Amino acid sequence: MPFRAPLTNHHSDGTPCPADHKHTSSGKPLHARCPGRAYTQAVCSCGDWEMKDRGKGYVNECRRRHLADHPEGPKAPRDRLHLDAS
Ligand SMILES: [Zn+2]
Ligand SMILES: [Zn+2]
């Protein structure tokens, strides 16, 4: 299974801003109890990488760059093929 680094949105107090907290295209909250999205966070399932930044696009870009740095994932497909062939 490949590594994953899902994006999550958060309020300034660190609580998650879930997907049902809609925002206008300029980022203003459309949800009565939503103080607004303060930052976007991405945590990689490898446990070795995480980041947060106000810019969602920037986090997404860094996330993709980090994921591209990973080999295929926790498994080593080439070793497995080698074993199957023997
Ligand atoms: Zn919110
Ligand atoms: Zn990772």
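All of these numbers come straight from a predicted model, not from anything done at the bench. Atoms within a ligand are numbered from 1 in the order they appear, just like the ligands themselves. Hydrogens, waters and symmetry mates are skipped; everything else that's a heavy atom, side chains included, is used.
Restricting His21 to its N/O/S atoms, the shortest distance to the Zn ion (ligand 1) is reached by ND1.
To the nearest 10 degrees, the angle centred on the Zn ion (ligand 1) between SG in Cys17 and NE2 in His11 reads 100°. Between NE2 of His66 and SG of Cys46, the angle at the Zn ion (ligand 2) works out to 120°, rounded to 10 degrees.
Expressed to the nearest 0.5 Å, how far NZ of Lys22 lies from SG of Cys17 amounts to 10.5 Å.
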Yes or no on side chain to side chain contact (heavy atoms under 4.5 Å, CB included) for Phe3 and His66, after CA distance, side-chain angles and deciding distance? CA-CA 10 Å; Phe3 288 110; His66 171 76; over 6 Å; no
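Inter-residue side-chain proximity for His10 and Lys52 is flagged as unmet; no heavy-atom pair is nearer than 4.5 Å.
Between Tyr58 and Met51, the closest heavy-atom pair is CE2-CE, 3.7 Å.
Taking 2.8 Å as the threshold, His23 does not count as a candidate ligand of the Zn ion (ligand 1), since none of its N, O or S atoms lies below it.
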